[in-house]
Amino acid sequence: MATREQLAQENRRNLERVTVLTLREARQLLAKGDGLNQQELGGFLRTLIPGIVQRYGNVNAVLAMNYYDTVRDLFAQSTKPYKAYIPELDPYQEVDSIVGYGMAHFQEKGFTGIPDIIANALTRPVANWNRDTMRTNAVADPARTVIQRVARSGACAFCAMAALNSTKVIEGRTTVMSARTYAKHFHDHCHCTEEVVFEGEELITPHY
């Protein structure tokens with residue numbers, strides 16, 4: 001049977017795989033905006049971005065839902081049944097900030113670089129659909145659980161710090177940093193995962 005660390009690393013690798021697919025399609029679609037004026041480009045981005053977030057975010061949410069059920073079945077010492085679900089997630093939540101970021105670049109430097117800039121920015125909300133699904137189910141699960149941020153090997157200084165101080169215990173006990181405190185503190189291309197550690201389990205401590 002796979003260990004918790006091995007399963008957590010597979011969850012992270014799934015985030016990376018979806019990121020690759022997101023970047024590939026987003027760049028191809030965004031390139032079609034070349035030649036549009038400022039007003040046209042703004043409308044183009046507002047139409048395009050939510051669809052990309054929803055398409056690949058939903059892949060991440062389904063992966064997270066299935067992953068949650070897997071680790072719960074294997075490691076939760078609870079007689080209370082629970083089936084993970086995909087929460088209501090908003091593909092428009094970060095559209096304004098991403099479009100604003102892209103349009104600021106367009107006004108200064110034109111269209112050059114826009115496909116990469118916007119595609120990179122999309123990696124954050126798309127990955128968050130995985131993390132939000134994990135967090136929402138952890139809060140709803142009748143089994144007492146801990147939410148833990150796990151950073152990948154070679155993570156940036158912020159992610160390493162946040163991972164070391166991320167533990168939030170549901171239904172009492174010691175709280176180091178609330179998951180909601182850092183829920184928005186993920187950056188582009190961030191592959192930190194939010195893991196659920198069930199009562200009686202040790203915290204996940206990657207070998208690195």
**Message:** Please give the remaining members of the hydrophobic cluster of V20, linking ILVMFWY side chains under 4.5 Å, ordered by chain and number.
**Reply:** none
**Asked** Which other residues end up in the same hydrophobic cluster as I117, if Ile, Leu, Val, Met, Phe, Trp and Tyr are linked when side-chain heavy atoms come under 4.5 Å apart?
**Response** Y101
Let me confirm one number: the [atom1]-[atom2] distance from [X] to [Y], rounded to the nearest 0.5 Å.
| X | Y | atom1 | atom2 | answer |
| --- | --- | --- | --- | --- |
| E16 | L21 | CD | CG | 12.5 Å |
| R12 | Q9 | CZ | CD | 4.5 Å |
| L203 | T205 | CG | OG1 | 6.5 Å |
| L15 | F186 | CG | CZ | 9.5 Å |
| H187 | C192 | NE2 | SG | 6.0 Å |

Does some side-chain heavy atom of [Y] sit less than 4.5 Å from a side-chain heavy atom of [X]?
| X | Y | value |
| --- | --- | --- |
| M134 | M65 | no |
| Q93 | P125 | no |
| H105 | F111 | no |
| V150 | P206 | yes |
| P91 | W129 | yes |
| I114 | F106 | yes |
| V197 | T145 | no |

**Item:** Short side-chain to backbone donor-acceptor contact, Q148 and I204, under 3.5 Å
**Value:**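 Flag set: sc Q148 to bb I204 pair under 3.5 Å.
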**Message:** Taking E94's backbone N and O only, do any of them form a donor-acceptor pair with S97's side chain (distance below 3.5 Å, no angle check)?
**Reply:**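 Looks like yes, one N/O pair under 3.5 Å.
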Applying salt bridge (Lys or Arg N to Asp or Glu O under 4.0 Å), name anything that partners [X], two or more places apart in sequence or on another chain.
| X | value |
| --- | --- |
| D116 | R27 |
| E201 | R4 |
| R24 | none |

**Request:** Considering non-hydrogen atoms only, spot the tightest contact between T123 and N120 and give its length.
**Result:** OG1-O, 2.6 Å
**For the student: nearest non-hydrogen atoms of P142 and K80, plus distance** =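 Nearest heavy atoms, P142 then K80: CB-CD, 3.7 Å.
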For [X], all residues meeting side-chain hydrogen bond (donor to acceptor under 3.5 Å, both in side chains), sequence neighbours excluded:
| X | answer |
| --- | --- |
| Q28 | none |
| T22 | none |
| D188 | R124 |
| N11 | N130, E195 |

Hydrophobic cluster identity match, [X] and [Y], side-chain contacts under 4.5 Å:
| X | Y | result |
| --- | --- | --- |
| V95 | I118 | yes |
| L29 | V18 | yes |
| L89 | I98 | yes |
| F198 | Y67 | yes |

**Asked** Which is it for T19 and H189 under the side chain to side chain donor-acceptor pair (under 3.5 Å) test, yes or no, and what are the steps along the way?
**Response** CA-CA 7 Å; T19 293; H189 292 276; 5.9 Å; no
**Request:** Walk me through it: do R149 and C159 pass the test side chain to side chain contact (heavy atoms under 4.5 Å, CB included)?
**Result:** CA-CA 9 Å; R149 179 171 178 156; C159 286; 3.4 Å; yes
**Message:** Taking the basic N atoms (NZ, or NE/NH1/NH2) and the acidic carboxylate oxygens, is any pair closer than 4.0 Å for R13 and E10?
**Reply:** yes
**Message:** Quick test of your reading of the model: are E194 and R135 salt-bridged, counting only N-O distances below 4.0 Å?
**Reply:** yes
**Asked** Can H207 and S153 be said to form a side chain to side chain contact (heavy atoms under 4.5 Å, CB included), step by step?
**Response** CA-CA 9 Å; H207 64 278; S153 176; over 6 Å; no
**Request:** Sorted by first residue and then second, give each side-chain hydrogen bond (donor to acceptor under 3.5 Å, both in side chains) pair with at least one member in residues 69-79; sequence neighbours left out.
**Result:** D69-K83, R72-D141
**Request:** Look at atom OH of Y85 and say whether more than 12 heavy atoms of other residues, nucleotides or ligands are closer to it than 6.0 Å.
**Result:** yes
**Asked** After noting the C-alpha distance and the side-chain angles of Y82 and N137, does the key distance pass the side chain to side chain donor-acceptor pair (under 3.5 Å) rule?
**Response** CA-CA 9 Å; Y82 182 81; N137 279 283; 2.7 Å; yes
Using atom types as modelled, flag every donor-acceptor pair under 3.5 Å from a side chain in residues 41-62 to any protein atom, sequence neighbours excluded.
residue	atom	partner	partner atom	Å
R46	NH1	D96	OD1	2.6
T47	OG1	G43	O	2.9
R55	NH1	E25	OE1	3.2
R55	NH1	E25	OE2	2.8
Y56	OH	E25	OE1	2.5
N60	ND2	V126	O	3.0

Cut-off 3.5 Å, no hydrogens considered: what does the side-chain donor-acceptor table look like for residues 30-37, sequence neighbours left out?
residue	atom	partner	partner atom	Å
N37	OD1	Q39	N	3.2
N37	OD1	E40	N	2.7
N37	ND2	E40	OE1	3.4

